[in-house]
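Okay, structure first, notes after.
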Amino acid sequence: MTILDGRKVSNDIKNEITAQVNKMIAKGEKVPHLAAVIVGNDGASLTYVNSKVKACERVGFKSTMIRMSNTTSEIELLEQIEELNQNPEIDGFIVQLPLPKQIDTQKVLMTVNPDKDVDGFHPMNFGKMALDMSTFIPATPFGILELLERYKVQTDGKHTVIIGRSHIVGRPMSILMGRKGFPGNSTVTLTHSHTKNITQITSQADIVISALGVPGFLKAEMIKDGAVIIDVGITRVPDETSEKGYYITGDVDFENVSKKASFITPVPGGVGPMTIAMLLKNTLLARERHLLK
């Protein structure tokens with residue numbers, strides 16, 4: 001069994017990006033600039049955005065964090081997005097989800113300039129991805145592809161089962177794993193909360209990608225020997241014995257599933273670090289595209 005070490009691979013990617021940024025500086029070019037908009041005071045979102053800002057510093061990017069109050073109106077947020085769309089200094093930006101109830105998330109995502117949409121959530125970018133055109137791939141699926149590629153996990157002709165159909169992970173993964181090329185060329189089954197006999201399906205899978213958000217959902221008896229397991233789930237479970245008051249776990253019963261798997265991602269330290277690394281990679285791509293225009 002091989003651990004797909006997201007911490008190590010993300011560190012390698014950050015080193016590669018740093019080298020490219022240093023070349024830009026040597027040529028006197030503007031370095032990539034990523035902005036993040038966060039609305040409200042959600043603890044997990046703040047932690048995540050702060051880690052993105054630190055990652056920018058690590059690779060030599062400029063970063064801007066825009067914090068807006070929980071009572072921000074939809075119009076105020078849309079005006080802020082339009083400012084970022086028009087600002088030539090900003091190469092890419094993200095709007096941290098979830099947003100407060102008074103704001104229509106879809107309307108917000110539609111307002112982001114597709115050329116600066118480094119999260120890859122705009123319908124134009126999603127459509128390009130579905131058509132195998134060059135675009136921004138959502139950071140988490142992009143990170144999973146990178147892990148599979150760098151560990152040379154065979155995907156050609158394999159049966160990939162995806163658990164969860166979110167627009168952020170499940171659905172894009174189903175498209176990407178079925179595309180031509182590597183990683184890809186899989187036969188894909190997309191499962192979700194209405195799927196019947198899910199164990200029957202997962203037990204036939206060569207690769208299982210779980211993005212459900214249910215701790216310990218995938219048990220050892222649900223997979224076959226030698227399966228590749230990608231755990232995208234990340235849940236804070238309350239734990240009074242822990243200093244933080246919680247522990248982080250994934251969708252997979254790691255202790256038992258790891259005994260049967262050929263490759264597996266840990267939680268934490270698997271897909272999570274890759275997401276931030278690929279957000280940086282998308283920002284670098286955005287900067288390169290703007291240079292060509």
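For the pair N282 and F142, the minimum side-chain heavy-atom distance is below 4.5 Å. At a threshold of 4.5 Å between non-hydrogen side-chain atoms, the residues L97 and F121 count as touching. Under the 4.5 Å side-chain criterion, counting only non-hydrogen atoms from C-beta, M222 is in contact with I198. Here the side chains of I229 and F263 are not in contact, with every heavy-atom distance at 4.5 Å or above. Using a 4.5 Å heavy-atom cutoff, the side chains of E74 and L78 are in contact. A 4.5 Å side-chain heavy-atom check between V21 and I17 finds at least one atom pair inside the cut-off. Between I25 and N22 there is a side-chain heavy-atom pair separated by less than 4.5 Å. S193 is listed as a side-chain neighbour of R165, based on a closest heavy-atom distance under 4.5 Å.
Note on L176: it does not cluster hydrophobically with L285, by side-chain heavy-atom contacts below 4.5 Å among ILVMFWY residues. In the hydrophobic clustering of ILVMFWY residues, with side-chain heavy atoms under 4.5 Å counting as a link, I276 and V232 come out apart. Under the 4.5 Å side-chain heavy-atom criterion for ILVMFWY residues, no single connected hydrophobic cluster contains both M1 and I209. Both I162 and L145 are assigned to one and the same hydrophobic cluster, defined by single-linkage of ILVMFWY side chains at heavy-atom distances under 4.5 Å. Both I90 and V112 belong to a single network of hydrophobic side chains, linked directly or stepwise wherever heavy atoms of I, L, V, M, F, W or Y lie under 4.5 Å apart.
What you find for C56 and L34 is that their closest heavy atoms are SG-CD2, 3.7 Å. The two atoms that bring M129 and P138 nearest to each other are SD-CD, 3.9 Å, heavy atoms only. Between V169 and S166 the shortest heavy-atom distance is N-OG, 3.0 Å. Between V9 and Y151, the shortest heavy-atom contact is CG2-CE1, 3.7 Å. When all heavy atoms of T155 and S186 are compared, the pair lying nearest together is O-OG, 2.9 Å. In terms of heavy atoms, P215 sits closest to V237 at CG-CG2, 4.2 Å.
With rounding to the nearest 0.5 angstrom, the OG1 atom of T189 is 11.5 Å from the CE atom of M177. If you take CG on L280 and OG on S63, they are separated by 10.0 Å, rounding to the nearest 0.5 Å. Taken from OG1 in T265 to CG in L147, the straight-line distance is 7.5 Å, to the nearest 0.5 Å. Summarising the geometry, atom CD1 belonging to I230 is positioned 6.5 Å from atom CD1 belonging to I144; distances are rounded to the nearest 0.5 Å. Annotation: the span from D251 atom CG to F217 atom CZ amounts to 8.0 Å, rounded to 0.5 Å. Put simply, CD1 on I175 and CG on L190 are 9.5 Å apart, with the number rounded to the nearest 0.5 Å.
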How far apart are the C-alpha atoms of V108 and D104, what are their side-chain angles, what is the distance that settles it, and do they pass the side-chain contact (heavy atoms from CB on, under 4.5 Å) test?
CA-CA 6 Å; V108 166; D104 180 342; 6.0 Å; no

Report the C-alpha separation of T140 and T275 in whole Å, then their side-chain angles, then the decisive distance to 0.1 Å, and conclude whether the side-chain hydrogen bond (donor to acceptor under 3.5 Å, both in side chains) test is met.
CA-CA 5 Å; T140 300; T275 299; 3.0 Å; yes

Just do the side-chain contact (heavy atoms from CB on, under 4.5 Å) check on M65 and K52 with the steps written out, would you?
CA-CA 10 Å; M65 195 204 293; K52 289 171 182 173; over 6 Å; no

I'd like to know whether I234 forms a side-chain contact (heavy atoms from CB on, under 4.5 Å) with I248, so could you lay out the CA-CA distance, the side-chain angles of the two residues, the decisive distance to 0.1 Å, and finally the verdict.
CA-CA 6 Å; I234 185 156; I248 288 174; 3.5 Å; yes

Worked verdict on I207 versus V161 for side-chain contact (heavy atoms from CB on, under 4.5 Å):
CA-CA 6 Å; I207 302 166; V161 171; over 6 Å; no

For K62 and D91: C-alpha separation, side-chain torsions, deciding distance, then whether salt bridge (Lys or Arg N to Asp or Glu O under 4.0 Å) applies.
CA-CA 10 Å; K62 283 187 180 173; D91 294 297; over 6 Å; no

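No option in K224, Q154, K158, H159 other than K224 meets the side-chain hydrogen bond (donor to acceptor under 3.5 Å, both in side chains) test with D206. Here the rule is side chain to side chain contact (heavy atoms under 4.5 Å, CB included) with M68, and of L99, V39, V95 only V39 fits it.
Between the side chain of N85 and the backbone N or O of N113 there is at least one donor-acceptor pair closer than 3.5 Å. In terms of modelled atom types and a separation under 3.5 Å, the side chain of D231 and the main chain of V252 share a donor-acceptor contact. For the pair E146 (side chain) and M274 (backbone), a donor-acceptor distance under 3.5 Å is absent. A distance-only check finds a donor-acceptor pair linking the side chain of Q102 to the backbone of N70 [under 3.5 Å]. Using a distance-only test at 3.5 Å, with no hydrogens or angles considered, a donor-acceptor pair links the side chain of D5 to the main chain of K8. A distance-only check finds no donor-acceptor pair linking the side chain of S45 to the backbone of N41 [under 3.5 Å]. With hydrogens and angles ignored, the 3.5 Å screen pairs a side-chain donor or acceptor of E76 with a backbone N or O of S73. Counting only distance, with no hydrogens or angles, the side chain of D117 and the backbone of H122 share a donor-acceptor pair below 3.5 Å. Counting only distance, with no hydrogens or angles, the side chain of N50 and the backbone of L46 share a donor-acceptor pair below 3.5 Å. Between the side chain of T160 and the backbone N or O of V188, no donor-acceptor pair lies under 3.5 Å.
Checking N185 against R179 by side-chain atom types alone, no donor-acceptor pair falls below 3.5 Å. A donor-acceptor pair shorter than 3.5 Å cannot be found between the side chains of D239 and S242. A side-chain donor-acceptor contact under 3.5 Å links D253 and N256. For the residue pair E16 and Q20, no side-chain donor N or O sits within less than 3.5 Å of a side-chain acceptor on the partner. Using a 3.5 Å distance cut-off with no hydrogens or angles, the side chains of T249 and T235 do not pair a donor with an acceptor. Between the side chains of H33 and T64, at least one donor N or O sits under 3.5 Å from an acceptor N or O.
Salt-bridge check for E29 with R287: failed, with every basic side-chain N at 4.0 Å or more from each acidic carboxylate O.
For K219, the NZ atom is densely surrounded, since the number of other residues' heavy atoms within 6.0 Å is greater than 12. Annotation for K107: atom NZ does not count as buried by contact number, only 12 or fewer foreign heavy atoms lying within 6.0 Å. When the shell of 6.0 Å around CE of M124 is examined, it contains 12 or fewer heavy atoms from other residues, nucleotides or ligands. No more than 12 heavy atoms of other residues, nucleotides or ligands sit less than 6.0 Å from atom CD1 of I75.
Under the 6.0 Å distance and 45° angle rule, R171 does not count as a cation-pi partner of F126.
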